[in-house]
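These notes are about the structure you will find just below.
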Protein chains: 2
Amino acid sequence: MGVPRAERRRRTEARILDAARVLFAELGYERATIRGVARRAEVDPALVMQYFGSKQELFQQAVRMTPPADGELDAEGAVEHVLGSLTMKLGELPQGSLAMMRSMLTHPEAAASARQVLSRQIDRLAEAMPGDDARLRAALMTLTMLGITVGHQLLEIDELRGVPQEELARLLRPSLRALTGQEVS
Amino acid sequence: MGVPRAERRRRTEARILDAARVLFAELGYERATIRGVARRAEVDPALVMQYFGSKQELFQQAVRMTPPADGELDAEGAVEHVLGSLTMKLGELPQGSLAMMRSMLTHPEAAASARQVLSRQIDRLAEAMPGDDARLRAALMTLTMLGITVGHQLLEIDELRGVPQEELARLLRPSLRALTGQEVS
DNA sequence: GATTTCGCTCAACAGTCGTTGACTCAACGA
DNA sequence: TCGTTGAGTCAACGACTGTTGAGCGAAATC
């Protein structure tokens with residue numbers, strides 16, 4: 001089989017990264033082992049080290065993702081933007097995001113990464129919202145979605161199993177809208 | 001000093017349990033070690049095993065808590081009940097709850113325990129809410145609070161740091177109320 | 001006061017983990 | 001064709017973990 005060396009290398013590296021994402025997402029940073037990743041990628045554990053240097057760097061590479069391009073939003077667009085992230089999440093939330101979320105409570109590096117992602121989202125929402133406590137309300141919106149995503153994707157709460165994303169969006173829209181508007185004392 | 005044997009035993013056991021709760025809450029199940037718990041309780045690691053049998057049982061004992069007694073609730077009381085759990089949580093959320101939450105995404109046993117606690121809360125809220133999708137809306141309310149608690153207590157999101165609980169309750173009340181009421185198609 | 005009980009410690013075992021260095025062998029460039 | 005590079009493997013090290021059994025010494029029992 002005439003597979004060039006560079007190509008082979010790229011494929012194996014990708015296979016390792018995919019395996020790492022799956023295991024980190026399923027088990028979290030601690031329980032996922034280099035040996036397990038290697039076994040799933042059909043590769044020797046030492047090769048994982050040779051390519052990624054350490055378990056820590058493997059995790060960072062597996063979790064790294066491109067931040068979504070941002071445009072301007074108004075208050076109403078903010079609600080739909082948050083609900084949109086829900087829609088994406090209920091479909092095929094990227095394995096890397098799941099890996100980050102799975103470990104964010106127990107692995108310091110994952111926690112830092114999660115804080116950064118959430119902070120970016122909060123910034124974006126706050127710009128679109130009136131009032132001086134806009135950041136606080138934006139944070140509450142973001143954490144609301146975090147809770148629902150955690151409950152659905154990671155804890156697999158029964159009540160959310162198999163509920164179509166449109167219905168969730170429909171139920172959540174008034175609730176999120178209430179966090180957007182400026183209250184009257 | 002004449003401290004009776006039974007009393008001494010009880011004190012040491014309590015010291016170990018307290019240490020376990022703190023470490024499980026700070027580090028999660030995996031990173032918290034029997035040796036670490038023993039060191040913090042100023043005791044030999046073997047004693048922890050002798051008293052609790054295994055790390056798993058130590059965790060269960062540390063996390064076990066008495067479910068709050070439940071009375072009747074109406075739809076409006078449900079919102080205040082959820083907000084009340086927030087109030088408690090922002091003050092001195094018991095170390096055992098923090099330990100459970102910290103590990104719920106990475107430790108299967110903690111996940112099961114969390115599901116049970118959340119399920120109980122969902123049941124309680126659903127009874128107080130009208131409509132056939134009451135359980136779903138109750139789940140969304142519960143997960144909303146979970147997200148905010150996680151963000152505040154475990155991820156320590158900057159935006160929530162030092163915000164008085166009354167203001168959080170004030171901002172969240174309309175949002176939660178929107179999840180309670182029956183929508184008109 | 002002698003004996004038993006038991007809270008507690010000490011030292012070690014077995015397993016798993018991340019990580020490393022020496023090695024094999026096929027693809028590559030001259 | 002020959003030497004070189006580099007993808008990939010093998011076996012092992014050292015550290016850390018949960019867990020165990022033997023033993024010590026003071027409190028309890030008679």
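Everything quoted here is computed from the prediction, not taken from an experiment. Here is how names work: the chains are called A, B, and so on, in the same order as the sequence lines, proteins then strands, and each is numbered from 1.
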Enumerate the protein-to-nucleotides 28-30 of chain D contacts in which both atoms are nitrogen or oxygen and the separation is below 3.5 Å.
unit_1, atom_1, unit_2, atom_2, d
D:dA28, OP1, B:Arg5, N, 3.0

Open item on the list: Check for me, please, whether B:Leu146 and B:Val163 land in the same ILVMFWY cluster - side-chain distances under 4.5 Å, paths through other members count.
Closed with: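 Per the 4.5 Å side-chain linkage, B:Leu146 and B:Val163 are co-clustered.
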Open item on the list: If hydrophobic clusters are built from ILVMFWY residues whose side chains come within less than 4.5 Å, do B:Met145 and B:Leu73 share one?
Closed with: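 Different hydrophobic clusters.
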Return the minimal non-hydrogen interatomic distance between [X] and [Y], and the atom names on each side.
X: B:Met129; Y: B:Ala138; answer: CE-N, 3.9 Å
X: B:Leu160; Y: B:Ile148; answer: CD1-O, 4.1 Å
X: A:Val150; Y: A:Met104; answer: CG2-CE, 4.0 Å
X: B:Val37; Y: B:Leu23; answer: N-CD1, 3.5 Å

Task: Contact list for DNA chain D against residues 52-60 of chain B - heavy-atom distance below 4.0 Å - done: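 Residues of residues 52-60 of chain B under 4.0 Å from DNA chain D: B:Ser54, B:Lys55.
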Task: Proximity to DNA chain D (any heavy atom under 4.0 Å), residues of residues 13-23 of chain A only - done: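 Contacting residues: none.
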Distance in angstrom units between [X] [atom1] and [N] [atom2], rounded:
X: B:Arg39; N: D:dG18; atom1: CZ; atom2: P; result: 11 Å
X: B:His107; N: D:dG18; atom1: NE2; atom2: P; result: 12 Å
X: A:Met49; N: D:dG8; atom1: CE; atom2: P; result: 17 Å
X: B:Tyr51; N: D:dT19; atom1: OH; atom2: P; result: 17 Å

Are any protein N/O atoms closer than 3.5 Å to N/O atoms in nucleotides 9-13 of chain D? If there are, list each pair with its distance.
unit_1, atom_1, unit_2, atom_2, d
D:dT9, OP2, A:Asp44, N, 2.8

Open item on the list: Once you apply a heavy-atom cut-off of 4.0 Å, does A:Ala32 come out as touching a base, just sugar-phosphate, or nothing?
Closed with: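 A:Ala32: backbone/sugar contact only, no base atoms under 4.0 Å.
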TODO: Could you tell me which residues satisfy side chain to side chain contact (heavy atoms under 4.5 Å, CB included) with A:Ser54, sequence neighbours excluded, listed by chain and number?
DONE: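 Once residues adjacent in sequence are excluded, the partners of A:Ser54 under the side chain to side chain contact (heavy atoms under 4.5 Å, CB included) criterion are A:Gln56, A:Glu57.
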Closer than 4.0 Å, any side-chain N/O of [X] to the OP1 or OP2 of [N]?
X: A:Arg8; N: D:dG8; answer: yes
X: B:Thr33; N: D:dC16; answer: no
X: B:Thr12; N: C:dG7; answer: no

Task: Six-ring centre of B:Phe24, B:Lys55 cation under 6.0 angstrom, axis tolerance 45° - done: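 Ring-cation test returns no.
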- [ ] Would you sort out whether A:Arg120 and A:Asp123 count as a salt bridge (charged side-chain N to carboxylate O under 4.0 Å, His left out), showing the intermediate values?
- [x] CA-CA 5 Å; A:Arg120 203 189 306 266; A:Asp123 284 345; over 6 Å; no
Open item on the list: Test of understanding: with side-chain hydrogen bond (donor to acceptor under 3.5 Å, both in side chains), list the residues that count as partners of B:Glu80, not counting sequence neighbours.
Closed with: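 Once residues adjacent in sequence are excluded, the partners of B:Glu80 under the side-chain hydrogen bond (donor to acceptor under 3.5 Å, both in side chains) criterion are B:Arg173.
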Task: B:Tyr29 and B:Phe59 aromatic ring geometry - parallel, tilted or perpendicular at 30°/60° bounds - done: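 Rings of B:Phe59 and B:Tyr29: perpendicular, as their planes differ by over 60°.
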Task: Distance-only donor-acceptor check, side chains A:Ser175 and B:Ser175, under 3.5 Å - done: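 B:Ser175 and A:Ser175 do have a side-chain donor-acceptor pair below 3.5 Å.
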TODO: Look through every strand shown and name the nucleotide pairing with C:dG15 as Watson-Crick or G-U wobble, where both distances are under 3.5 Å.
DONE: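 When the pairing criteria are applied, D:dC16 turns out to be the nucleotide that pairs with C:dG15.
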